[in-house]
Amino acid sequence: MNTQAILDACTCKPGAYLNCPFGPGVVCARLGKRIFAEVYLDKPWLTLCCEPQYGLAIRQTYPETVRRGYHCPPSQQPYHNTIMLDGTVPDEVLLQMLDHSYERVLRCITRAQRQAALEGKAGP
């Protein structure tokens, strides 16, 4: 799966939008003010939010390709996975991980933001 396909999958989510708060090399997919995916344009990397146990299971399944969020402070690392987009992780699994990240962020936003997102009214 390439970066454009991932960005397309992100923007298909209700209420999701893209922006570049860290500069032009990283595109963030957001729901409300929260980021659920970071797509790196200059590196074949993707960072997603995750529940710690789910993230650990994925890292154990793909130890050479998936690691804790590389950019995160140690206290946040268990809640993020950085995936190398080298074809090792099947597209179906990447999409499941993306869904998991979106759902996790959806649960963390306010009820009003959640309702707006699910009605397709959310955005920047």
Indicate the atoms forming the closest heavy-atom contact of Ile6 with Leu98, along with that distance. O-CD2, 4.4 Å

Kindly compute the distance separating SG (Cys49) from OH (Tyr79), expressed to the nearest 0.5 Å. 11.5 Å

Could you list the donor-acceptor pairs under 3.5 angstrom formed between side-chain atoms of residues 27-35 and any protein atom two or more places apart in sequence or on another chain?
residue, atom, partner, partner atom, Å
Arg30, NE, Asn19, OD1, 3.0
Arg30, NH1, Lys33, O, 2.7

How would you list all residue pairs meeting ring-ring contact (aromatic ring centres under 6.0 Å, His included) that involve residues 82-103, not counting sequence neighbours? Phe36-Tyr102, Tyr54-His100

Under 4.5 Å between side-chain heavy atoms, counting indirect links through other Ile/Leu/Val/Met/Phe/Trp/Tyr residues: same cluster for Val89 and Leu7 or not? yes

Non-neighbouring partners of Tyr62 that pass side chain to side chain donor-acceptor pair (under 3.5 Å), sequence neighbours left out: none

Do the non-hydrogen side-chain atoms of Asp8 and Gln4 ever get within less than 4.5 Å of each other? yes

Please list all pairs meeting salt bridge (Lys or Arg N to Asp or Glu O under 4.0 Å) that have one or both residues in residues 91-100, counting only residues at least two apart or in different chains. Lys13-Asp99

Keeping to residues at least two apart or across chains, list the salt bridge (Lys or Arg N to Asp or Glu O under 4.0 Å) pairs with something in residues 77-90. none

Keeping to residues at least two apart or across chains, list the salt bridge (Lys or Arg N to Asp or Glu O under 4.0 Å) pairs with something in residues 35-47. none

From CH2 (Trp45) to CD1 (Ile83), nearest 0.5 Å: 12.0 Å

Could you work out, with salt bridge (Lys or Arg N to Asp or Glu O under 4.0 Å) as the rule, every residue matching Arg107, not counting sequence neighbours? Glu51

With sequence neighbours excluded, what pairs up with Arg59 under the side chain to side chain contact (heavy atoms under 4.5 Å, CB included) test? Leu56, Val66, Arg68, Asn81

Just verifying a value: how many Å separate Leu48 CG and Cys10 SG, rounded to the nearest 0.5 Å? 7.5 Å

Sequence-distant partners of His80, ring pair (Phe, Tyr, Trp, His ring centres under 6.0 Å), two or more places apart: none

Counting C-beta onward and ignoring hydrogens, is there a side-chain heavy-atom pair between Glu64 and Thr88 closer than 4.5 Å? no

Sequence neighbours excluded, which residues qualify as ring pair (Phe, Tyr, Trp, His ring centres under 6.0 Å) partners of Phe22? none

Just to verify, what does Glu103 make a salt bridge (Lys or Arg N to Asp or Glu O under 4.0 Å) with, not counting sequence neighbours? none

Let me confirm one number: the CG-OG distance from Leu106 to Ser101, rounded to the nearest 0.5 Å. 11.0 Å

Among residues at least two apart in sequence or on other chains, which ones pass side chain to side chain contact (heavy atoms under 4.5 Å, CB included) with Pro44? Leu85

If I take atom SG from residue Cys20 and atom CG from residue Leu41, how far apart are they, to the nearest 0.5 angstrom? 7.0 Å

